[in-house]
Amino acid sequence: MDSDVRSETALGPYTIIDLTTSESWLCGKWLADLGADVIKIEPPGGDPGRNQPPYANNDPNAENSLRWQFMNMGKRSLVLDLHSKQDRKIFLFLISQADALIESYPKGWLEERGLGAEVLQQINPGLVLTSISPFGRSGPYADYQSTDLILSALSGAMYLSGDEDRAPVRVSVPQYDMHGASEGCVSTIIGIHHSQKTGRGQCIDVSSQLASVRSLMNATQFYHGEEKLVRRHGSELVIGLIRWPSIFKARNGHVCIMIAGGKLGGISLQGFMDWAAEEFEIPSLIADIDWLTYSFRKATLDPDQLDQVTALRDTLSRLFINHTKEELYHRAVEKRMLLAPVSTVEDICADVQLAAREYFVDIDQYDGSSVKYPGRWAQLSNTPLCTDQRAPLIGEHNQEILSALTSELQHKTVVSDTPVNTSTKANIFEGLKVWDMSWVGVGPLTSRYLADHGATVIRLDSLTSLDFLRAVPPYKDKQSGPNRAMFYSDFNCSKLGLGLNMKKPEAQSIAYQLAMWADVVIESFTPGNMAKWGMDYETLKAGNPGLIMLSTCMQGQTGPRASYPGFGNLMAAMSGYWHITGWPDRGPVPVYGAYTDFVAQRFTTSALVAALDSKRRSGVGQFIDVSQYEAALQFLGPEILDYQVNDKVANRRGNDSDLMAPHGVYPCSDDDSWIAIAAKDDEQWMHLRHCMGDPDWSQAPELDSFSGRKKNQSLINGKIAAWTQLYTATALVERLQPQVAAGKVNDCKQLSCDPQVLYRQYFKELEHSLMGAIPYNGAQAEFSNANNTPRKASPCIGEDSVEVLTRYLNMTEGDVQALIADGVVQVLLD
């Protein structure tokens with residue numbers, strides 16, 4: 001990347017040394033997108049991951065891997081043999097001048113080459129060293145073999161997806177290593193920000209297992225709060241006394257709808273019924289229902305209303321099958337109905353919203369061709385992303401990198417602008433002021449990163465417009481109430497709660513004053529809503545020039561579908577994830593919950609922290625627009641390229657793999673108990689054979705090679721399943737690991753007592769003022785010199801209103817009590 005272009009980016013001043021393996025390439029890509037100079041160190045012959053499909057033009061060549069080409073965009077390639085003393089010296093030259101090293105080799109790999117953390121940070125005390133691994137660098141699983149399949153199983157994600165009469169399934173393309181890689185990116189930026197302020201480096205230990213656990217949405221809270229195990233139910237939801245389809249057939253594919261309570265859900269149902277009435281006669285049983293006040297959940301619990309629910313389902317089915325998914329989606333956007341298409345990558349590449357926002361970017365390839373890549377996953381007004389540089393050829397930048405090295409080893413000096421106490425762990429964002437006006441998922445998850453790292457985060461709450469998550473289960477001890485909603489509570493710990501009735505001008509004035517107080521404002525309303533309150537970015541910037549404002553919504557602030565009012569489950573369908581989850585001989589099944597919320601949260605946080613660091617250097621704030629849709633598509637980058645280059649549409653594959661055989665999920669002796677097993681290479685196959693007792697069938701010569709096992713995988717899967725069902729999953733994992741990649745398919749109860757999860761102390765119990773002691777999802781990455789775990793339980797509605805308004809807006813307690821009496825400030829503590 002041109003140095004003049006890089007200087008205008010958020011991370012332009014920084015150099016990152018990239019020693020990641022293919023599972024974690026995405027970490028360096030994001031850092032390069034944000035402007036960092038990412039130097040990818042490759043061994044002689046190139047990174048072995050370059051040999052992974054899919055390939056451009058189906059030509060299996062190390063320079064043609066589309067996975068490589070997407071996940072290494074914007075990097076520079078330097079070939080070094082770290083077994084060589086001379087090349088290790090060059091590597092140490094690089095480290096002496098770098099700001100961070102990201103790596104994902106097995107534990108001990110760096111130390112064996114004399115390149116451990118102590119050596120590197122002696123050369124460069126401000127170095128941020130981020131290690132990304134399947135389970136973390138310590139603990140009972142630290143040496144375990146892993147794959148995307150194993151992470152899906154051990155994180156609990158797999159248990160929640162698939163049909164009840166078959167084995168659980170993963171998403172058919174790799175996902176769970178990418179959660180670890182993206183957590184590595186967030187943590188690295190936070191570490192750099194702290195190092196530049198203090199001169200103090202960090203060792204950051206990222207667990208991909210725990211990063212994947214975070215994607216389970218509310219499933220862990222259901223177990224912790226109600227002792228309920230969420231289970232897979234194929235393409236249906238179990239609601240009350242009925243099973244409700246989460247996916248409906250359209251004329252040319254599938255769509256999904258979200259049945260929600262209140263005005264938003266009622267608008268959808270009324271819209272569907274009005275449309276149906278244009279085409280056929282509505283059943284009399286439901287013809288006169290006032291859908292704006294209808295409670296779908298209550299109806300499913302009342303035996304006398306189940307006939308109504310059935311009539312509603314049949315009417316929707318009849319309506320949807322008469323139309324294409326494009327027609328249904330167009331009407332949904334127009335009438336603000338909660339419906340989304342179950343999209344393929346072909347649909348995504350033709351999407352008018354993405355085209356209007358110029359999401360896809362033409363990138364010239366080394367062979368002279370031009371390919372459309374997924375591009376900007378965030379729009380930063382002052383420091384735009386750099387997403388227009390292709391991935392490097394093997395050693396393409398050797399000469400320019402080596403010629404720029406100084407002749408002698410340099411010890412990097414970072415000028416600290418903050419006194420540092422090296423005897424204690426830092427709260428990296430202590431002193432940062434955040435006014436969080438967001439709701440539901442991505443926004444609150446983003447502000448929680450800042451809060452857990454020490455920021456003062458004031459969270460807008462309201463009795464008038466209740467956050468959706470306060471109105472849905474799970475509830476502590478199954479006792480409903482907005483302050484007992486564990487879903488909301490988990491997303492909003494470490495924050496202060498301020499209750500405001502934003503329909504009142506006085507409340508809007510308070511919100512504006514907090515925006516003048518804040519360093520950061522986060523909001524996730526429908527585009528245009530903040531402007532109605534006189535709080536759009538340009539207005540706020542006029543009074544607070546250094547403000548950073550993050551706006552995150554379903555499809556961004558601009559474009560023909562910006563007003564789409566969806567939730568993360570609808571976005572997961574629209575982003576292609578539902579289409580590629582399930583079995584090839586059956587229809588699609590959902591990925592559990594609002595999956596894209598947990599992809600997008602790390603994009604929003606990365607952009608926000610990078611903007612904070614840019615402001616630290618320049619004093620200039622900016623506006624950040626993140627479309628959850630555009631961010632989520634980054635996890636499908638290789639599949640989108642496969643369609644753009646090879647015209648191939650990714651589909652459902654069960655638990656099959658192009659790289660490993662066997663590769664599947666097999667039944668164990670306990671009820672609904674499963675084990676995931678993946679033979680990563682011929683050696684692991686031989687270990688698996690030995691563990692099974694070398695049965696005669698396994699000794700067939702053709703099974704000694706991957707190609708032979710792939711051709712016979714149906715036979716192999718049947719034989720393995722016959723063996724595994726004689727044992728418990730725990731016993732099998734102990735027998736197979738660490739020689740063979742294997743993992744129990746954890747449900748949330750098993751996850752809560754998983755040895756590695758317990759070792760990492762992931763779930764942190766905090767005392768809630770109403771619910772008592774409850775466990776919160778904790779840190780997915782451990783910082784050697786910083787605190788980043790939840791600090792306080794989430795607030796009840798308006799619980800901290802008096803403290804917030806007296807302490808930060810200098811009101812008297814009497815003023816606040818008067819506002820409470822007038823209904824401007826809202827407090828509910830029971």
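On a predicted model such as this, the values are computed, not experimentally measured, just so you know.
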Ring centroids only, cut at 6.0 angstrom: are H194 and F429 within range, meaning strictly under it?
no
Quick check, are the ring centers of H179 and F635 under 6.0 angstrom apart?
yes
Quick test of your reading: applying side chain to side chain donor-acceptor pair (under 3.5 Å), list the pairs with at least one residue in residues 521-534, sequence neighbours left out, ordered by first then second residue.
E523-S551
The reported gap from CD1 in I401 to CG in D37 (rounded to nearest 0.5 angstrom) is 7.0 Å
Are D351 and R561 within salt-bridge range, i.e. N to O under 4.0 Å?
yes
Walk me through whether D364 and R390 qualify under salt bridge (charged side-chain N to carboxylate O under 4.0 Å, His left out).
CA-CA 7 Å; D364 294 332; R390 65 167 173 82; over 6 Å; no
Distance col, row E103:CD vs L110:CG, nearest 0.5 angstrom, shows 4.5 Å
Taking only residues two or more places apart in sequence or in another chain, which ones pass side-chain contact (heavy atoms from CB on, under 4.5 Å) with T383?
A10, L380, S614, Q622
Mind checking what makes side-chain contact (heavy atoms from CB on, under 4.5 Å) contact with S509, not counting sequence neighbours?
Q513
With sequence neighbours excluded, residues passing side-chain contact (heavy atoms from CB on, under 4.5 Å) with P505:
none
Among residues at least two apart in sequence or on other chains, which ones pass side-chain contact (heavy atoms from CB on, under 4.5 Å) with D800?
L496, K792, P795, E803, V804
Please determine which of R459, M549, M502 meets the side-chain contact (heavy atoms from CB on, under 4.5 Å) test together with M437.
M502
For Y537, enumerate each residue passing the ring pair (Phe, Tyr, Trp, His ring centres under 6.0 Å) test, keeping only those at least two apart in sequence or located in another chain.
F623
Between Q634 and F603, is the side chain to side chain contact (heavy atoms under 4.5 Å, CB included) condition met? List the steps.
CA-CA 10 Å; Q634 294 286 313; F603 286 91; 3.4 Å; yes
